[in-house]
Colleague: 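Here's a structure for you.
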Protein chains: 2
Amino acid sequence: MAKRPPTIPDSELDVLKVLWDLGQATVREALETLRAAGRQWSYATVATLLDRLESKGLVTSDRRELAFVYKPVISGQEVRQKRVNSLVDKLYQGEPGLLVLHLLKSHPLDPDQAKEVRSVLDQMMGDKGRKKDR
Amino acid sequence: MAKRPPTIPDSELDVLKVLWDLGQATVREALETLRAAGRQWSYATVATLLDRLESKGLVTSDRRELAFVYKPVISGQEVRQKRVNSLVDKLYQGEPGLLVLHLLKSHPLDPDQAKEVRSVLDQMMGDKGRKKDR
DNA sequence: TGTATCCTAAGACAGTTGTCTAACAAGGTC
DNA sequence: GACCTTGTTAGACAACTGTCTTAGGATACA
């Protein structure tokens, strides 16, 4: 009977992203931002989504003057981490390397990023040869 | 009102993976394989999932002797591609490079993979310097 | 004070996902 | 023929998602 663990559906993720960008927001602010970004939602929809995020413990709310102000509890970094892990587990046999390879082969990197990637990689390989703990 | 585009939920994905591995399977074969892998599902559950996959057009069925045999229509490669693209779009501002960096920084690669990654990268950078089309 | 605003609350409602029970058909077996 | 064994089918049902309507409490301004 185990209740499913809380997930972050697409629509909630969109709202959460606004909070990451703005730091915090009221329903109306989030709505405006989302409208500007092309999401044609009603006020109530955004309110519902924030509500659901709150019941999942992913944002907190705090009454300020007129309206509630919502703040993210979970960071973008954490969400990215979880998503990537789950992708790697589910479709890359738990091997992040396979995903990296897939990415490099199917999406060309721009030169700056390529250089950065290379340097991270160099460091990783270098370390391995010289000393084994950080 | 636009009907949502079909997605592949987790449980269906698990079944689909069996089809990728075996090439094709009956409900019972899929069930056995999933059981062996730890999924405690009933026969009917697997049947339902295969059915849903079929109505989404992701597998086909074909009556053989006693039972239906299901085959995947969509490949693992395609599914991976879509998932990765959507992850990159949703959480990495459409920049695959950011995801690569994240992966390298947070998950150490094993040496063989590191070497392979490096060679793909070298080739990418080298090409850029020498000639611009493949 | 009445009316226009803005906010929250409560819930509706259809579509999707996760899982299953139960009824029923076809092929063997005694 | 009466019974298993396998398989298919239909449908059930609760939780989750995507979106909204509507009622009701405050605030604000004419």
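Any value given below was found using the heavy atoms of this structure, including those in side chains, with hydrogens, waters and symmetry copies removed. By convention in this document, chain letters (A, B, ...) are assigned in the order of the sequence lines, proteins followed by strands, and residues within each chain are numbered from 1.
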Colleague: Of the residues in residues 63-75 of chain A, which ones touch DNA chain C at a heavy-atom distance under 4.0 Å?
Modeller: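 Close to the strand are A/Arg63, A/Ala67, A/Phe68.
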Colleague: Take the protein atom CG of B/Leu50 and the nucleotide atom P of C/dT17, then report the distance between them rounded to whole Å.
Modeller: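 Going from CG in B/Leu50 over to P in C/dT17 covers 15 Å.
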Colleague: OP1 or OP2 of C/dT8 versus the side-chain N and O atoms of A/Tyr43: is any pair under 4.0 Å?
Modeller: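 A/Tyr43 to C/dT8 OP1/OP2: side-chain N or O found under 4.0 Å.
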Colleague: If only atom types and distance count, is the side chain of A/Lys17 paired as donor or acceptor with the main-chain N or O of B/Lys90 below 3.5 Å?
Modeller: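 Judged by distance alone, yes, a pair lies under 3.5 Å.
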Colleague: Knowing that exactly one of A/Leu19, A/Val69, A/Val59 qualifies, which makes a side chain to side chain contact (heavy atoms under 4.5 Å, CB included) with A/Gln24?
Modeller: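 Filter result, single survivor: A/Val69.
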Colleague: Where the side chain of A/Arg35 meets the backbone of A/Trp41, is there a donor-acceptor pair that is under 3.5 Å apart?
Modeller: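 Yes.
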Colleague: Which heavy atom of B/Arg39 sits nearest a heavy atom of B/Asp14, and at what distance?
Modeller: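 Answer, listing the atom of B/Arg39 first, then B/Asp14: NH2-OD2, 2.7 Å.
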Colleague: Figure out the CG/P separation between B/Leu34 and C/dT19, and round it to whole Å.
Modeller: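 Distance check: B/Leu34 CG to C/dT19 P gives 12 Å.
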Colleague: Before giving the answer on side-chain contact (heavy atoms from CB on, under 4.5 Å), spell out for A/Leu103 and B/Leu103 the whole-Å C-alpha distance, their side-chain angles and the decisive distance to 0.1 Å.
Modeller: CA-CA 11 Å; A/Leu103 280 161; B/Leu103 279 162; 3.9 Å; yes
Colleague: If I take atom CG in residue B/Asp51 and atom P in nucleotide C/dT17, what distance separates them, rounded to the nearest angstrom?
Modeller: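 Taking atom P of C/dT17 as the reference, CG of B/Asp51 is at 14 Å.
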Colleague: Should the heavy atoms of other residues, nucleotides or ligands under 6.0 Å from CD of A/Glu65 be counted, would the total exceed 12?
Modeller: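 Atom CD in A/Glu65 is not packed in, count stays at 12 or less.
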Colleague: Nearest-Å distance, CZ (A/Arg28) to P (C/dC7)?
Modeller: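 Rounding to the nearest Å, CZ of A/Arg28 and P of C/dC7 are 4 Å apart.
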Colleague: Could you state the CD-P distance from B/Glu54 to D/dA10, rounded to the nearest angstrom?
Modeller: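 That distance rounds to 13 Å.
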Colleague: How many Å lie between CG on B/Leu16 and P on C/dT17, as a whole number?
Modeller: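 Value for this atom pair: 14 Å.
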Colleague: Write down the protein N/O and nucleotide N/O pairs, taken from nucleotides 13-19 of chain D, whose separation is under 3.5 Å; answer none if there are no such pairs.
Modeller:
| from | atom 1 | to | atom 2 | distance (Å) |
| --- | --- | --- | --- | --- |
| D/dA15 | N3 | A/Arg4 | NH2 | 3.4 |
| D/dT17 | OP1 | A/Thr7 | OG1 | 2.3 |
| D/dT17 | OP2 | A/Lys56 | NZ | 3.1 |
| D/dT17 | O2 | B/Arg4 | NH2 | 3.4 |
| D/dG18 | OP2 | A/Ser11 | OG | 2.3 |
| D/dG18 | N7 | A/Arg52 | NH1 | 2.9 |
| D/dG18 | O6 | A/Arg52 | NH2 | 3.3 |
| D/dT19 | OP2 | A/Trp41 | NE1 | 3.1 |
| D/dT19 | O4 | A/Arg52 | NH2 | 3.2 |

